[in-house]
Amino acid sequence: QYSDDDFSAADFAPPAPEAPSTDGPLAPPFPLDGLDLLTPPGFVGDIAAWIDSQCRYPRRRLAVASAIVTVGNIGGLRHEDALDGVTANMLAFCVAASATGKEAVQQAMAELHTSAGVHPAVQGGIKSEQEIMRNLIEHQAAFYIVDEIGIFLGKVRNAQKRGGAAYLEGVFGAIMSAYSKAGARLILGGDTKRELRAKFGAMLAKAEDDGAPQDKRDHLARMVKMVDDGLERPFLSLIGYTTPGTFDGIMDGETATQGFVGRSLIISEPDFNPAAREGFKKRPLPSHLAMKLTQLFSGGSFSLFDGHSGRVEYSGTRDVVETMEDATKMMGQVSRWLHSYAEEMEQHTGEASVALIRRSYEMIAKVSFILALPTGVRTAEHVRWAFAYVRAELDAKIKLVFANDNAKERPEDAMAARILNYIDPDKGSTTAVLANRMKLSAAKVEEVLSKMERKGQVKQSGNPRLYNGKRIAKWLCIV
């Protein structure tokens with residue numbers, strides 16, 4: 001057993017910190033020295049380390065993405081951004097091989113939401129447009145934590161290709177409509193209005209007939225009014241977990257330019273066979289982390305729920321997160337850099353990459369805002385880390401889209417892009433592993449790797465490992 005004193009984020013620092021890449025057609029807008037993409041600054045880094053401590057197999061990349069979404073969920077209702085007006089709700093997809101620990105990350109996320117008292121707003125699946133709206137009426141927030149979301153996305157993709165995807169398209173439309181209204185008001189459609197007005201009208205009539213307490217009747221009257229006036233500041237976030245086999249193939253240009261996937265973080269764990277931690281035991285959530293999460297939501301002075309409804313909401317005065325002057329200048333540099341980067345990449349990877357790059361400013365603003373929630377001030381360090389993190393995620397996404405879009409017209413370029421995404425940045429990958437993942441012959445993969453080596457994109461490790469009596473070299477990306 002462990003106590004609070006036994007947990008330290010430093011104990012779960014990644015064994016090999018991941019420095020951001022400075023390679024590419026454009027130099028970063030400011031220095032990125034000393035950053036570790038696996039360790040967000042401040043409280044979010046502590047949460048990421050605790051999530052990783054729940055995993056028998058190290059899943060630090062998934063833990064970081066999950067920590068960002070979690071802190072955004074819990075602190076997002078009570079805070080607002082003074083610089084760009086962004087909100088803290090996120091869309092994210094976490095991609096990792098089967099049986100490597102995705103479930104442990106999801107369970108850790110659920111525990112963190114429970115510790116803050118917002119667990120009634122956690123949803124485990126997506127069914128229909130009407131259900132999404134009902135969830136946002138019942139609670140101001142809808143925190144979706146969805147397993148095997150790649151299967152759901154694949155159904156949507158296939159239905160779109162065949163036609164007749166009105167039902168599924170309605171779900172996507174509802175998600176994006178609610179997601180983008182977290183700082184405004186969401187007007188409901190006619191059918192949804194009629195359904196919900198009838199539901200809450202009947203509940204109000206029954207409460208009045210039964211002589212229910214006045215505050216309960218007031219709450220139901222407010223729900224009826226909300227149906228007509230629209231939902232005020234609905235907060236929808238989504239994080240989905242899936243495997244490469246059900247996700248990578250759907251990431252083409254058409255999918256990328258759509259708002260749902262194009263505005264999402266996509267984080268992959270490249271290690272398909274992580275070693276278990278020796279003597280592994282889950283660490284309990286330290287009370288100081290739980291208390292900080294509760295404070296992020298309620299500020300220590302506001303009831304978590306309406307007394308009778310149990311509604312997860314925040315209707316008090318919101319705390320404004322300010323941005324320091326140097327951080328404000330850096331966000332301006334980010335905006336200009338992304339514009340130049342989009343112009344440069346359009347020549348190499350096409351229109352889809354431009355859409356992805358242009359949406360990246362909002363994602364950098366959101367991530368840096370979330371990093372700033374615990375202190376109430378966005379600093380230069382928050383902007384530096386958020387830029388480096390989203391830039392790495394963006395480049396991986398562009399490579400995946402390019403590979404899928406150009407598999408026929410430019411097969412070797414497409415294979416090279418996919419190989420760069422599949423090589424484990426920590427351990428490297430052998431030709432056989434890459435061939436298995438890409439479902440190609442080892443000879444063909446070796447041929448492309450040799451060309452990439454001559455171009456300075458990859459290199460062979462200097463310490464080949466011994467396997468069945470043979471020396472097997474691993475390939476490494478050249479940063």
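Residues take their numbers from the sequence shown, with the count starting at 1. What you are looking at is a predicted structure, and each value in this text was computed from that prediction instead of being measured.
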Using the rule given for side chain to side chain contact (heavy atoms under 4.5 Å, CB included), can you reason through V367 versus F387, listing the C-alpha separation, both sets of side-chain angles and the distance that settles it, and then say yes or no? CA-CA 9 Å; V367 172; F387 169 81; over 6 Å; no
Check: Could you walk me through whether E195 and R134 pass the side chain to side chain contact (heavy atoms under 4.5 Å, CB included) check?
Finding: CA-CA 10 Å; E195 177 190 339; R134 283 196 295 269; 2.5 Å; yes
For a side chain to side chain donor-acceptor pair (under 3.5 Å) check, start with the C-alpha distance between S264 and Y179, then their side-chain angles and the critical distance, and finish with the verdict. CA-CA 11 Å; S264 304; Y179 171 79; over 6 Å; no
Item to complete: Could you walk me through whether F369 and V321 pass the side chain to side chain contact (heavy atoms under 4.5 Å, CB included) test, one step at a time?
Response: CA-CA 8 Å; F369 175 49; V321 173; 3.5 Å; yes
Given the rule in the salt bridge (charged side-chain N to carboxylate O under 4.0 Å, His left out) test, do E111 and K282 qualify, once you have shown the distances and angles that lead to the verdict? CA-CA 13 Å; E111 183 173 347; K282 288 187 177 183; over 6 Å; no
Requested in this report: Please test E362 against R263 for salt bridge (charged side-chain N to carboxylate O under 4.0 Å, His left out), starting from the C-alpha separation and ending with a verdict.
Outcome: CA-CA 8 Å; E362 179 188 33; R263 296 171 75 176; 3.0 Å; yes
Can you check side chain to side chain contact (heavy atoms under 4.5 Å, CB included) on L236 and K181, steps first, answer last? CA-CA 9 Å; L236 183 147; K181 300 296 191 304; over 6 Å; no
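Of all the heavy atoms in D229 and R185, the pair that sits closest is O-CD, 3.1 Å. The two atoms that bring R59 and A96 nearest to each other are NH1-CB, 3.9 Å, heavy atoms only. Across every non-hydrogen atom of A184 and P234, the tightest pair is O-CD, 3.9 Å. Scanning both residues, V95 and P244, for their nearest heavy atoms gives CG1-N, 3.5 Å. V227 and R197 make their closest contact through CG1-N, 4.0 Å (heavy atoms, listed as atom of the first residue, atom of the second, distance). In terms of heavy-atom proximity, I239 sits nearest to V69 at CD1-CG2, 4.1 Å.
Looking only at atom types and distance, the side chain of S53 has no donor-acceptor partner in the side chain of R283 under 3.5 Å away. A donor and an acceptor atom, one from each side chain of Y57 and D271, are nowhere located under 3.5 Å apart. A donor-acceptor contact under 3.5 angstrom links the side chains of E103 and Q107, judged on distance only. Checked by atom type, the side-chain pair Y389/S368 shows no donor-acceptor distance below 3.5 Å. Side-chain contact of S298 with R78: a donor-acceptor pair under 3.5 Å is absent, judged by distance alone.
Rounding to the nearest 0.5 Å places CD of E322 at 13.5 Å from OG1 of T379. Remark: L186 CG to M226 CE distance equals 11.0 Å, nearest 0.5 Å. Within the model, atoms CD1 of I267 and CZ of F93 stand 12.0 Å from one another, a figure rounded to the nearest 0.5 Å. Atom OH of Y241 sits about 9.0 Å away from atom CG of D147, to the nearest 0.5 Å. In this structure, E138 CD and L196 CG are separated by 11.0 Å, a value rounded to the nearest 0.5 Å. The OG atom of S237 sits 13.0 Å away from the CD1 atom of I68 when rounded to the nearest 0.5 Å.
At a threshold of 4.0 Å, the pair E381-R384 counts as salt-bridged, since one of the basic side-chain nitrogens sits closer than that to a carboxylate oxygen. A salt bridge is defined here as a Lys NZ or Arg NE, NH1 or NH2 lying under 4.0 Å from an Asp or Glu carboxylate O, and E313 with R222 meets this definition. The pair D81-R378 meets the salt-bridge criterion, with a side-chain N (NZ, NE, NH1 or NH2) lying under 4.0 Å from an Asp/Glu carboxylate O. The residues R233 and E80 are annotated as salt-bridged, a charged nitrogen and a carboxylate oxygen being separated by less than 4.0 angstrom. Comment: R194 engages D191 in a salt bridge, judged by a side-chain N to carboxylate O separation of less than 4.0 angstrom. Remark: R60 does not engage E269 in a salt bridge, criterion side-chain N to carboxylate O under 4.0 Å.
Here the side chains of L91 and M176 are in contact, with some heavy-atom distance below 4.5 Å. Put simply, the side chain of L293 reaches to within 4.5 Å of the side chain of F43, judged on heavy atoms. No side-chain heavy atom of H79 sits less than 4.5 Å from a side-chain heavy atom of V320. In this structure the side chain of V64 never reaches within 4.5 angstrom of the side chain of L37, judged on heavy atoms. The side-chain heavy atoms of L238 and I149, taken from C-beta on, include a pair separated by under 4.5 Å. Here the side chains of V105 and I51 are in contact, with some heavy-atom distance below 4.5 Å. For the pair H382 and P41, the minimum side-chain heavy-atom distance is below 4.5 Å. Under the 4.5 Å side-chain criterion, counting only non-hydrogen atoms from C-beta, D84 is not in contact with T323.
Enclosure of atom CD in Q214 by more than 12 non-hydrogen atoms of other residues, nucleotides or ligands within 6.0 angstrom is indicated. The environment of CZ in R358 is sparse: at most 12 heavy-atom neighbours from other residues, nucleotides or ligands sit within 6.0 Å.
Between F235 and Y314, the distance separating the two ring centers is not shorter than 6.0 angstrom. Separation of the F30 and W337 ring centroids does not fall under the 6.0 Å cut-off.
Using modelled atom types, one side-chain atom of R311 and one backbone atom of I137 make a donor-acceptor pair closer than 3.5 Å. Without hydrogens or angle criteria, T39 side chain to D36 main chain gives no donor-acceptor distance under 3.5 Å. When atom types are taken as modelled, the side chain of W385 and the backbone of L32 share no donor-acceptor pair closer than 3.5 angstrom. The backbone N or O of A212 sits nowhere less than 3.5 Å from a side-chain atom of D210 that would complete a donor-acceptor pair. For the pair N135 (side chain) and A142 (backbone), a donor-acceptor distance under 3.5 Å is absent. Side-chain atoms of R318 come within 3.5 Å of backbone N or O of L77 as a donor-acceptor pair. Side-chain atoms of E344 never come within 3.5 Å of backbone atoms of S340 as a donor-acceptor pair (strictly under, hydrogens ignored). Under the 3.5 Å distance criterion, the side-chain polar atoms of N89 are left unmatched by any main-chain donor or acceptor of G72. Remark: side-chain polar atoms of S66 are not paired, donor with acceptor, to backbone N or O of A63 under 3.5 angstrom. Side-chain atoms of H113 come within 3.5 Å of backbone atoms of M109 as a donor-acceptor pair (strictly under, hydrogens ignored).
Screening R336, Q333, M331 for a side chain to side chain contact (heavy atoms under 4.5 Å, CB included) involving P29 leaves a single residue, Q333.
For the pair R391 and Y341, the distance from NZ or CZ to the six-membered ring centre is under 6.0 Å and the angle to the ring normal is within 45 degrees.
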